[in-house]
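Got a structure for you, written out below as structure tokens; questions coming shortly.
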Amino acid sequence: MSTETKVKLQATWRYVQYLIYDEISMISKFFLANMSQHISIGKMEEGEVPSVLSFGSISVILVSNFFQFLPVVCAPSEALYYPTTTIHKNQGESQISHAIDEEFTTVVTLREQMHIEDPVWHNFLQHLHLSFITEHHLMMLPNCQPTDFTSPAWKDACLVTPHHVIHELWNKAALCKHGKSAKQIILHMRYSKNKQKQCRQDLSDMVELMISIKVMVMLNAETDLDITNGACGTVTDILLSPDEPDIVDMDPLQGQTLPMVLVDITTPPTGGLSLFNLYVALSYSSG
């Protein structure tokens, strides 16, 4: 590791005392071991060696279901609960992460949830999560009131869908609708990929924006600036620059619950629709 990298780590972690890992089931053994090592380097003083304690002795809180999702961009065997074997690809890191995992001895179970407001809907989601739906739950559907899309409550409803084409059409329609009601001009923003630092292969070459539009980031575009997957905000101004676009301020909002939401539960274009996928999509609604 270069001296410059160590200096950056120490500047980032010097005064940090708590680290909270959300969606811990998606963290791989390799990532956990390397994160612990890097934080230990970030916590050491000039001329000292890294602490032998995990995460440089800071307090770490692991949040969410430990078995909900598999780690991303790696083999399923990289899951923290997966046994470490002698033929494991990252055997050294796997043994370290296994030892770190065993250091956590305090478990707090949250028994009260705050984001689902309707008790009937909450009961349905609980059973759906366990793949145990009864006739009683199915009778809930005919008793639902018809949706009045002209009412103020549904004016800013969101759409949850696995279909990329529907997602694009919905965004365009919502943008045009907002532009007419707010009397704002839609700006088609293009950026050049000539500079290496501007090149983002997963980002679109063109973005349609307007003042006062609500936006959500769908990719980890710039984690150091908190422009990450799930970050939400409102465009308050657009400043054009000949070099590169200015950054729009956004507040992180992970695991959000929406008061009004449309959920597309048709078969996705790839894979299938399981009860667990259905539960994740429906849990966006507060009931």
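Since this is a predicted model, take the numbers as computed values, not measurements. All heavy atoms count here, side chains included; hydrogens, waters and symmetry mates do not. Residue numbers start at 1 and run along the sequence shown.
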| Checking Ser151 side chain against Asp148 main chain: does a donor-acceptor pair fall under 3.5 Å? |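 Checked: pair present.
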Next on the checklist: So, taking the atom named CG in Leu62 and the one named CG in Asp101, what distance separates them when rounded to the nearest 0.5 Å?
Outcome noted: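 These two atoms lie 7.5 Å from each other.
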Spacing of Gln37 atom CD and Leu9 atom CG [to the nearest 0.5 Å]: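 Taking CD in Gln37 and CG in Leu9, the distance rounds to 10.0 Å.
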Out of curiosity, does Val60 fall in the hydrophobic cluster containing Leu53 (side-chain heavy atoms, cut-off under 4.5 Å, transitive links)?
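Per the 4.5 Å side-chain linkage, Leu53 and Val60 are not co-clustered.
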- Query: Are Phe66 and Ile100 connected in a single hydrophobic cluster, I mean Ile/Leu/Val/Met/Phe/Trp/Tyr linked by side-chain heavy atoms less than 4.5 Å apart?
  - Reply: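 In one cluster: yes.
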| query | CD1/Ile24 to CD1/Ile61 distance, rounded to the nearest 0.5 angstrom? | reply |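 One gets 12.0 Å once the value is rounded to the nearest 0.5 Å.
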ask   = Do Asn123 and His137 come close enough that some side-chain heavy atom pair is under 4.5 Å?
value =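 Of all side-chain heavy-atom pairs linking His137 with Asn123, at least one is under 4.5 Å.
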Charged N to carboxylate O under 4.0 angstrom, Lys172 versus Glu168?
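Not counted as a salt bridge, because no side-chain N and carboxylate O are separated by less than 4.0 Å.
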If you measure from NE2 on His122 to NE2 on His127, what distance do you get to the nearest 0.5 Å?
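Answer rounded to 0.5 Å: 11.0 Å.
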(message) Ring-plane angle category for Phe31 and Tyr21, please: parallel below 30°, perpendicular beyond 60°, tilted otherwise.
(response)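 Because their plane-to-plane angle is over 60°, the rings of Phe31 and Tyr21 count as perpendicular.
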Is it the case that more than 12 heavy atoms not belonging to Gln17 sit under 6.0 Å from its CD atom?
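No.
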What is the minimum heavy-atom distance between Leu159 and Ile166, and which atoms define it?
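Shortest heavy-atom separation between Leu159 and Ile166 comes out as CD2-CG2, 3.8 Å.
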**Study point:** Lys8 (side chain) donor-acceptor with Thr3 (main chain) under 3.5 angstrom
**Key:**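 No, the answer is negative, given that no donor and acceptor are paired below the 3.5 Å cut-off.
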- With no hydrogens and no angle check, do the side chains of Ser97 and Ser94 hold a donor and an acceptor under 3.5 Å apart?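 Absent: no donor and acceptor within the cut-off.
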Just verifying a value: how many Å separate Trp121 CH2 and Ile116 CD1, rounded to the nearest 0.5 Å?
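Here the interatomic distance stands at 8.0 Å.
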Atom of Met44, atom of Lys6 and distance for their closest heavy-atom approach
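In this case the closest contact between Met44 and Lys6 is CE-CD, 4.4 Å.
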Under a 4.5 Å side-chain heavy-atom rule over Ile, Leu, Val, Met, Phe, Trp and Tyr, are Ile39 and Val7 clustered together?
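In one cluster with Ile39: Val7, no.
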Below 4.5 Å, heavy atoms only, C-beta onward: do Phe55 and Leu32 meet side chain to side chain?
->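 Yes, their side chains come closer than 4.5 Å.
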Return the CH2 to CD1 distance between Trp13 and Ile41, rounded to the nearest 0.5 Å.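 Here the rounded value is 12.5 Å.
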Is Glu23 close to Ser64 at the side-chain level, that is, under 4.5 Å between some pair of heavy atoms?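 Sidechains of Glu23 and Ser64: in contact.
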Check step by step if side chain to side chain contact (heavy atoms under 4.5 Å, CB included) holds for Lys43 and Arg14.
CA-CA 5 Å; Lys43 296 294 291 185; Arg14 180 173 301 166; 5.9 Å; no
Any idea which heavy atoms bring Val120 and Asp118 closest together, and the distance?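 Between these two residues, the closest heavy atoms are N-OD1, 2.9 Å.
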If you count heavy atoms of other groups shown closer than 6.0 angstrom to NE2 of His98, is the number above 12?
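It does not: His98 NE2 has 12 such atoms or fewer within range.
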Hey, are the side chains of Ile213 and Thr234 touching, using non-hydrogen atoms and a 4.5 Å cut-off?
->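 No. Closest side-chain heavy atoms not under 4.5 Å.
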Q: Report yes if the side chains of Met210 and Val235 come closer than 4.5 Å at any heavy-atom pair, otherwise no.
A: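 Counting from C-beta outward, Met210 and Val235 never come under 4.5 Å.
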So, does Lys29 use its side chain to make a donor-acceptor pair with the main chain of Gln95 at under 3.5 Å?
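Such a contact is absent between Lys29 side chain and Gln95 backbone.
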ask   = What are the two closest heavy atoms between Ser40 and Gly56, and how far apart are they?
value =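 Reported closest heavy-atom pair: OG-N, 3.0 Å.
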- Query: Looking at residues at least two apart in the chain, or sitting in another chain, which of them share a ring-ring contact (aromatic ring centres under 6.0 Å, His included) with Tyr81?
  - Reply: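 Expected list: Phe67.
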| message | Are Val63 and Phe104 linked, directly or through intermediate hydrophobic residues, by side-chain heavy-atom contacts shorter than 4.5 Å (ILVMFWY only)? | response |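 Phe104 does not cluster with Val63.
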